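Only one structure is covered here, and it is reproduced in the block below.
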There are 2 protein chains.
Amino acid sequence: MTSIYIAEDQEMLNSALSAILNLEDDFTIIGNATDGQTALREVISLKPDIAILDIEMPKMSGLEVAGELRLIKQDLKIIILTTFARKTYFESAVIAQVNAYLLKDSPTDKLVETIHKILDGQTIYDANLVSTILTSVKNPLTPQELKIMREFAQGKSTQEIADAVFLSNGTVRNYISSILSKTGTHSRIEALNVAQKNNWID
Amino acid sequence: MTSIYIAEDQEMLNSALSAILNLEDDFTIIGNATDGQTALREVISLKPDIAILDIEMPKMSGLEVAGELRLIKQDLKIIILTTFARKTYFESAVIAQVNAYLLKDSPTDKLVETIHKILDGQTIYDANLVSTILTSVKNPLTPQELKIMREFAQGKSTQEIADAVFLSNGTVRNYISSILSKTGTHSRIEALNVAQKNNWID
DNA sequence: TACTTTATATGACAAATGTCATTTTAATTT
DNA sequence: AAATTAAAATGACATTTGTCATATAAAGTA
């Protein structure tokens, strides 16, 4: 009998998954959480065989929880279950050595199947996810540019950004100019839209 | 026996809900869709007692489907099941005379309970949703201002907006100035952030 | 050491943006 | 019709933004 813990902040999915997995006669759900902190605490104390973690949760993300858990419990099987195929998320997941990374955009059968496979020692990355990552436009912005973009995403003026980042007003303008040229745009808002569409910012 | 149709584009939730509701011995799921168009077509042909509709779906939103269905089938019970508590969504739902409006942020029990209640003739609006709507800051922007905001949200320049909306460059600047003053900001991006936070734009 | 990058800064300029006071025009109301 | 209100436009102005060419200093490399 395989014991499973579910952390998912969308109640409807959380309870639905619990019910479904409980139907399988070789699985038991031994706990649920709707935030990362509780999940981390309870997985440690309840010691399930498998932890299914959503990424976007209050207090602590599923990826952070995964990272912590992997340090403590080498043998725990971790499944990341999330909505979007973000490159940065996927990378963190790989670093945390999760056993599976599934998208909510696949049916529950797939989840059940995945659980069986990882119990068998396999590592599963959703094919859909992998292809999205491979075909995604890679971020041409330097870390500095990224940082500055995050600043003006909040609506800050050039001067406010300069103060925040300890650069001169002119330098900030240069960086922004470079951002615009790399994104093929002519204004901050356009650049933000491009970045948004390509998931360059979190 | 009550027949139910589910339209939900997140496969995981779709299949999970189907499985759960099928467990109840007075319900049968007679169909599923992951986009609005198929949902509309199939609900018309399959004639379920209840249609559960997500709002954000490809091709046609759940609200549009609800509107169409209500015109054709007065006796059909419609449940809107969605993630966010948006005022505009809720208003459209009321106009389409849906029988229930639930948030995915409530457990499946609640859904089952709601189905029973609407079969009993009641109309259910998620309490959580209603309170969110009531406490939400109401949009101070005029329809014109809203329209212009949607334009610059796409990154358009003043002139481009003027051309799109058939106003003079100066008038557009005046409207934007008014938007900034109403939102208590001094730049388009800041204004967008405020609008975003308060769900004034869709 | 000399050469080359890389990050930061300056200055100068045109264009766009945001602010206001005022005017014109159109639509509503009395 | 006259008065009021609302919508759109103008003009004038200070700032901000975006673009470029160029300079300087620091860091890395041959």
Side-chain angles (χ1 to χ4, degrees), chain A residues 87-88 91 136-202, chain B residues 87-88 91 136-202:
Chain A
K87 198 176 181 180
T88 52
E91 288 165 346
S136 71
V137 182
K138 64 167 161 302
N139 189 339
L141 305 179
T142 67
Q144 205 77 329
E145 289 165 347
L146 237 284
K147 187 200 262 182
I148 286 179
M149 175 171 263
R150 268 190 267 271
E151 295 291 331
F152 70 70
Q154 294 159 231
K156 291 187 182 169
S157 68
T158 307
Q159 191 52 55
E160 289 172 322
I161 298 172
D163 294 344
V165 188
F166 304 111
L167 288 176
S168 80
N169 186 299
T171 303
V172 170
R173 296 237 293 301
N174 287 338
Y175 277 118
I176 293 179
S177 193
S178 162
I179 291 169
L180 300 187
S181 116
K182 285 182 180 178
T183 53
T185 61
H186 294 88
S187 80
R188 297 172 187 208
I189 298 183
E190 277 184 287
L192 284 173
N193 288 341
V194 171
Q196 197 87 58
K197 194 164 62 198
N198 295 107
N199 277 324
W200 295 341
I201 43 181
D202 297 324
Chain B
K87 198 176 182 181
T88 51
E91 287 165 346
S136 71
V137 181
K138 66 168 160 303
N139 189 340
L141 304 179
T142 66
Q144 204 78 328
E145 288 166 348
L146 237 288
K147 187 199 262 180
I148 288 179
M149 176 172 261
R150 268 190 267 271
E151 295 291 332
F152 70 69
Q154 294 160 230
K156 290 187 181 170
S157 69
T158 306
Q159 191 52 53
E160 288 171 323
I161 297 172
D163 293 345
V165 189
F166 304 110
L167 288 174
S168 80
N169 185 299
T171 303
V172 171
R173 296 235 295 298
N174 286 338
Y175 277 116
I176 293 180
S177 194
S178 162
I179 291 169
L180 300 187
S181 117
K182 284 183 180 178
T183 52
T185 61
H186 294 88
S187 80
R188 298 172 185 207
I189 298 183
E190 277 183 288
L192 283 172
N193 288 340
V194 171
Q196 196 87 59
K197 195 163 62 199
N198 294 107
N199 276 324
W200 297 339
I201 42 180
D202 296 324

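A quick note: this is a predicted structure, and the numbers were derived from the prediction, not measured. Numbered from 1 within each chain, the chains take letters A, B, ... in sequence-line order.
In this structure a side-chain-to-backbone donor-acceptor pair under 3.5 Å is missing from A:Asp163 to A:Ser168. Between the side chain of A:Thr183 and the backbone N or O of A:Ile179, at least one donor-acceptor pair lies under 3.5 Å. At least one donor-acceptor pair closer than 3.5 Å links the side chain of A:Asn139 to the backbone N or O of A:Leu141. Judged purely by atom type and a 3.5 angstrom limit, A:Thr171 has no side-chain atom pairing as donor or acceptor with the backbone of A:Leu167.
A side-chain N or O of A:Arg188 and one of A:Thr158 form a donor-acceptor pair less than 3.5 Å apart.
Heavy-atom distances under 4.0 Å link DNA chain D to A:Arg173, A:Asn174, A:Ile176, A:Ser177, A:Leu180, A:His186, A:Ser187, A:Arg188 of residues 172-193 of chain A, given in residue order. Within residues 159-171 of chain A, the residues having any heavy atom under 4.0 Å from DNA chain C are, by residue number, A:Leu167, A:Ser168, A:Gly170, A:Thr171.
Taking the charged nitrogens against the carboxylate oxygens, A:Glu145 and A:Lys182 do have a contact shorter than 4.0 Å, which makes a salt bridge.
A 6.0 Å sphere centred on CD of B:Gln196 holds no more than 12 heavy atoms belonging to other residues, nucleotides or ligands.
Between B:His186 and B:Glu190, the shortest heavy-atom contact is N-OE1, 3.1 Å.
Computed from coordinates, the B:Glu145 CD to D:dA6 P distance equals 13 Å when rounded to whole Å.
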